[in-house]
Number of protein chains: 2
Amino acid sequence: MIIESFSKVLRDLRMKRHLSQEKLAELCDLDRTYISMLERGLRQPTITTLFQICSALDVAPSEFVRQMEELI
Amino acid sequence: MIIESFSKVLRDLRMKRHLSQEKLAELCDLDRTYISMLERGLRQPTITTLFQICSALDVAPSEFVRQMEELI
DNA sequence: ATGTGACTTATAGTCCGTG
DNA sequence: ACACGGACTATAAGTCACA
């Protein structure tokens with residue numbers, strides 16, 4: 001599932017960067033609880049949100065999506 | 001702008017595949033008018049929709065996004 | 001530091017049409 | 001084939017209190 005793979009890659013990359021959900025939320029100007037929902041697969045982002053998050057994670061959106069593809 | 005780059009890549013790839021908006025809509029099980037809105041930058045897709053469209057266009061989502069990055 | 005439920009507003013996405 | 005509109009339903013955006 002696409003939403004599932006997104007949530008896994010998100011959590012994985014955030015962890016690798018040793019960021020809390022709170023810190024990441026602050027970096028990409030989103031709500032802490034929204035990040036939580038994304039990681040639990042309860043929301044799926046629009047592409048704008050995807051790009052925003054990738055910028056905060058310092059990863060190219062295309063690379064993020066490439067990692068998603070590996071999980072599908 | 002992210003939405004703008006999405007719409008450009010979408011139209012570009014659809015044209016290269018010689019698909020009408022109607023045909024593409026049918027292939028990815030979306031509405032004809034919605035494809036039109038996406039190409040005019042009036043809507044932005046969720047990631048699920050992005051993957052759906054990429055599947056119909058026979059392009060990897062990561063490649064689609066890579067082409068978006070070139071325009072930003 | 002995070003999960004969760006409930007909530008409101010905005011927008012994703014459909015379906016009817018027109019020129 | 002496509003732009004464009006109105007009206008609709010489903011779901012994302014964004015926030016809050018509490019565990």
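Just so it is clear: chains get the letters A, B, ... in the order the sequence lines come, proteins before strands, and each one is counted from 1.
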Handout entry: Between P of dA12(D) and CG of L38(A), the distance in whole Å
Key = 10 Å

Exercise for the section: Quick one: label Q44(B) by what it contacts on the DNA or RNA (base, sugar-phosphate, nothing), any heavy atom closer than 4.0 Å. Expected result: sugar-phosphate

Practice task
Answer with base, sugar-phosphate or nothing: what part of the nucleic acid does E22(A) contact at a heavy-atom distance below 4.0 Å?
Solution key: base

Exercise for the section: Figure out the CG/P separation between L19(B) and dA1(D), and round it to whole Å. Expected result: 11 Å

Handout entry: For chain B, the stretch of DNA chain C it reaches, first to last nucleotide, under 4.0 Å of its heavy atoms
Key = dA12(C) to dG17(C)

Handout entry: hbond_proxy T33(A) side chain to dC16(D) base (donor-acceptor, 3.5 Å cutoff)
Key = yes

Exercise for the section: Calculate the interatomic distance between I35(B) atom CD1 and dA3(D) atom P; express it in whole Å. Expected result: 11 Å

Fill in the blank from the handout: Testing dC4(D), dG14(D), dC2(D) for proximity to the side chain of R40(B), the answer is dC4(D)

Exercise for the section: Report which part of the nucleic acid D29(A) touches: base, sugar-phosphate, or nothing (heavy-atom distance under 4.0 Å, all strands). Expected result: nothing

Exercise for the section: Please work out if L30(A) contacts a base, only the sugar-phosphate, or nothing of the nucleic acid, heavy-atom cut-off 4.0 Å. Expected result: sugar-phosphate

Exercise for the section: Figure out the CD/P separation between E26(B) and dA1(D), and round it to whole Å. Expected result: 12 Å

Exercise for the section: Report whether F64(A) and L71(A) are members of the same hydrophobic cluster (ILVMFWY, side-chain heavy atoms less than 4.5 Å apart, transitive linking). Expected result: yes

Exercise for the section: Please check the phosphate of dA1(D) (OP1 and OP2 only) for any side-chain N or O of R11(B) closer than 4.0 Å. Expected result: no

Problem - S36(A)/T33(A) under side-chain hydrogen bond (donor to acceptor under 3.5 Å, both in side chains): CA gap, chis, key distance, verdict - result: CA-CA 5 Å; S36(A) 171; T33(A) 62; over 6 Å; no

Exercise for the section: Identify, between M37(B) and I3(A), the residue whose nearest nucleotide on DNA chain D lies closer to the 5' end. Expected result: M37(B)

Practice task
For the pair Q44(A) (side chain) and T48(B) (backbone), establish whether a donor and an acceptor sit closer than 3.5 Å, ignoring hydrogens and angles.
Solution key: yes

Completion exercise
Between CG of D31(B) and C1' of dC2(D) the distance, given in whole Å, is 13 Å

Practice task
Whole angstrom is fine here: how far is it from NE2 in H18(B) over to C1' in dC2(D)?
Solution key: 18 Å

Practice task
Give a yes or no on whether the backbone of E22(A) and the side-chain of R32(A) come within a donor-acceptor separation of less than 3.5 Å.
Solution key: no

Practice task
Could you tell me whether the side chain of R40(A) reaches within less than 4.5 Å of the side chain of S7(A), counting heavy atoms only?
Solution key: no

Problem - Of L30(A), I47(A), L27(A), the residue whose pairing with Q52(A) passes side-chain contact (heavy atoms from CB on, under 4.5 Å) - result: L30(A)

Practice task
Please check the phosphate of dA12(D) (OP1 and OP2 only) for any side-chain N or O of T46(A) closer than 4.0 Å.
Solution key: no

Handout entry: Co-members of M37(B) in a cluster of I, L, V, M, F, W and Y side chains, linked at under 4.5 Å
Key = L42(B)

Handout entry: Residue closer to the 5' end of DNA chain C, L42(B) versus R32(B) (nearest nucleotide)
Key = L42(B)

